[in-house]
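Heads up, the thing below is written out as C-alpha cells.
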Amino acid sequence: MISIETIQDKLSKAFPDANINIIINRGMYQCEIPANRNLEIISFLKNDLGFQFLTDITASHYPDEKGRELCIISHMHNLTENTRLRLRAYVPIEQPDTSSLVSIFSGADWMERETYDFFGINFIGHPNLVRILNVDEMDYFPMRKEYQMEDPTRLDKDDIMFGRE
C-alpha cells in the first residue's frame, strides 16, 4: 500500500499551487482538488503514481455551500499497491464545469454521462454528453436536493403506514 505521506509529497511537489491535502476519511485516502485542474492531476495520478483504474465518477449536492454546491467525486485504485483514493472537486451550481476524463480513461464515458444526467455536471470535452437514463425532454437534474424525495400527496407513503405517528 502506498503511504499517505508518499502520495501527499508527490502531489505537493507536482502541484505546489493546488494546496492538495490528503486525509483518511472512512478508511480511504481522500483529497480535494481544483475542478479546473482535474484532468492534469488525475493524469499525474495515473501515469506517475500508478492509479490506473478509475473505479467511479459521481457527484453530490450541498445546497448550503455557496459557490461549492456540486461536488464531483472520483474514485481511483492503484491495483499493484492496493491503494484507493477518493478525489473531490467542487463547482458552483451556476457553472458546473470540469474537464472530461474520457481522454485518459475511456471507461469515464458512461460514468460522466450518468453524473451529467442526474446532477447536471458539464464535463467539458466529453464526446457525447447526453442523457443516458432519464428522458431527453427532462429539463432538471433529479438527484439535486432541490427536489422532494416523495410526492407528499401520496397516502401510501404516510408516516402511519411505517409505524410512525
Side-chain angles (χ1 to χ4, degrees), residues 2-49 51 53-78 83-105 107-134 136 138-150:
I2 304 173
S3 73
I4 194 170
E5 295 82 15
T6 299
I7 300 170
Q8 179 72 59
D9 183 55
K10 291 189 179 203
L11 283 172
S12 295
K13 286 179 181 170
F15 306 98
D17 58 329
N19 296 324
I20 299 171
N21 185 34
I22 300 177
I23 61 169
I24 297 176
N25 183 356
R26 298 187 175 142
M28 186 184 293
Y29 296 166
Q30 174 180 299
C31 64
E32 181 177 333
I33 62 172
N36 63 342
R37 299 190 65 191
N38 73 321
L39 188 60
E40 62 181 306
I41 292 170
I42 289 175
S43 278
F44 176 81
L45 288 167
K46 179 184 180 190
N47 299 324
D48 293 65
L49 288 174
F51 286 91
F53 183 53
L54 180 67
T55 309
D56 190 28
I57 299 173
T58 189
S60 191
H61 182 203
Y62 300 100
D64 297 332
E65 299 280 331
K66 187 69 180 145
R68 295 167 47 99
E69 294 90 354
L70 294 171
C71 177
I72 301 111
I73 305 161
S74 304
H75 291 113
M76 299 183 74
H77 191 178
N78 178 321
T83 306
R84 295 177 186 270
L85 178 63
R86 179 185 305 118
L87 303 163
R88 300 172 66 92
Y90 293 87
V91 292
I93 203 162
E94 297 84 23
Q95 188 175 3
D97 296 342
T98 192
S99 296
S100 172
L101 301 178
V102 173
S103 63
I104 55 174
F105 290 107
D109 187 345
W110 290 58
M111 291 186 266
E112 289 178 354
R113 285 179 63 189
E114 181 181 34
T115 304
Y116 162 74
D117 198 1
F118 285 109
F119 290 95
I121 305 296
N122 182 28
F123 292 96
I124 298 168
H126 190 281
N128 188 25
L129 194 62
V130 295
R131 290 196 180 268
I132 191 170
L133 295 170
N134 292 308
D136 293 336
M138 188 176 270
D139 61 351
Y140 62 96
F141 304 103
M143 292 297 287
R144 290 184 181 175
K145 292 180 182 173
E146 56 203 43
Y147 308 106
Q148 289 182 334
M149 286 180 58
E150 295 286 347

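Sequential numbering from 1 along the given sequence is applied to the chain's residues.
Arg113 places no side-chain N or O within 3.5 Å of a backbone atom of Leu129 that could act as its donor or acceptor partner. Counting only distance, with no hydrogens or angles, the side chain of Ser43 and the backbone of Leu39 share a donor-acceptor pair below 3.5 Å. Under a 3.5 Å cut-off, the side chain of Lys145 and the backbone N or O of Tyr62 do not form any donor-acceptor pair.
Shown here for Ala108 and Ile57, the closest heavy-atom pair between the two residues is CB-CD1, 3.9 Å. Considering every non-hydrogen atom in both Ile93 and Pro96, the closest pair reads O-CD, 3.5 Å. Closest non-hydrogen pair, Arg144 versus Leu70, comes out as NH2-CD1, 3.8 Å. Heavy atoms only, all atoms of each residue included: Tyr29 and Ile4 are closest at OH-N, 3.3 Å. Residues His61 and Pro63 approach most closely at O-CD, 3.4 Å, considering heavy atoms.
No more than 12 heavy atoms of other residues, nucleotides or ligands lie within 6.0 Å of NZ in Lys10, so this atom counts as exposed by the packing criterion.
Taking the side chain as every heavy atom from C-beta outward, Asp136 and Val130 never approach each other to under 4.5 Å. Met111 has its side chain out of reach of Thr58: every pair of non-hydrogen atoms, C-beta onward, lies at least 4.5 Å apart. When side chains are defined from C-beta on, Ile33 counts as touching Cys31, because their heavy atoms get closer than 4.5 Å.
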List, one per line, each side-chain donor-acceptor pair under 3.5 Å for residues 71-78, sequence neighbours excluded.
| unit_1 | atom_1 | unit_2 | atom_2 | d |
| --- | --- | --- | --- | --- |
| His75 | NE2 | Arg86 | NE | 3.3 |
| His77 | NE2 | Asn82 | OD1 | 3.0 |
| Asn78 | OD1 | Thr80 | N | 3.1 |
| Asn78 | OD1 | Glu81 | N | 2.8 |
| Asn78 | ND2 | Leu49 | O | 2.8 |
| Asn78 | ND2 | Gly50 | O | 3.3 |

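For residues 114-133, the set of pairs meeting the side-chain hydrogen bond (donor to acceptor under 3.5 Å, both in side chains) definition, not counting sequence neighbours, comprises Asp97-Asn122, Asp109-His126, Asp117-Arg131, Asp117-Asn134. Applying the salt bridge (charged side-chain N to carboxylate O under 4.0 Å, His left out) test to pairs two or more places apart or on separate chains, none has a residue in residues 119-130. Among residue pairs with one or both ends in residues 27-40, those qualifying as salt bridge (charged side-chain N to carboxylate O under 4.0 Å, His left out) are Asp17-Arg37, Glu32-Arg68, Arg37-Glu40; sequence neighbours excluded.
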- side-chain contact (heavy atoms from CB on, under 4.5 Å) between Lys46 and Phe105: does it pass, once the steps are laid out? CA-CA 9 Å; Lys46 179 184 180 190; Phe105 290 107; 3.6 Å; yes
- Task: Take Leu45 and Leu87 through the side-chain contact (heavy atoms from CB on, under 4.5 Å) test and state the conclusion after the steps.
- Result: CA-CA 11 Å; Leu45 288 167; Leu87 303 163; 3.8 Å; yes
- Task: Go through the steps for Ser100 and Ile124 under the test side-chain contact (heavy atoms from CB on, under 4.5 Å), then give the verdict.
- Result: CA-CA 5 Å; Ser100 172; Ile124 298 168; over 6 Å; no
- Message: What verdict does the side-chain contact (heavy atoms from CB on, under 4.5 Å) test give for Phe141 and Ile121, after you've listed the backbone C-alpha separation in whole Å, the side-chain angles of each residue and the deciding distance to 0.1 Å?
- Response: CA-CA 9 Å; Phe141 304 103; Ile121 305 296; over 6 Å; no
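The structure places OG of Ser99 at 9.5 Å from CD1 of Ile42, a figure rounded to the nearest 0.5 Å. Here the straight-line distance linking atom OG of Ser60 with atom CZ of Arg88 works out to 6.5 Å at 0.5 Å rounding.
The ring pair (Phe, Tyr, Trp, His ring centres under 6.0 Å) search around Phe118 returns none, not counting sequence neighbours. When the ring pair (Phe, Tyr, Trp, His ring centres under 6.0 Å) test is applied to Phe44, the partners found at least two apart in sequence or on another chain are Phe15. Applying the side-chain contact (heavy atoms from CB on, under 4.5 Å) criterion to Ala35, with sequence neighbours excluded, gives Ala89, Val91, Thr98. A search for side chain to side chain donor-acceptor pair (under 3.5 Å) contacts involving Asn19 returns nothing, not counting sequence neighbours. Under the salt bridge (Lys or Arg N to Asp or Glu O under 4.0 Å) criterion, Asp9 pairs with Lys13, not counting sequence neighbours. Every side chain to side chain donor-acceptor pair (under 3.5 Å) that Ser12 has, sequence neighbours left out, goes to Gln8. Partners of Glu94 according to the salt bridge (Lys or Arg N to Asp or Glu O under 4.0 Å) rule, which considers only residues two or more places apart in sequence or in another chain, are Lys66. Listed by chain and number, the residues in a side-chain contact (heavy atoms from CB on, under 4.5 Å) with Ile23 are Asn21, Asn25, Gln30 (sequence neighbours excluded).
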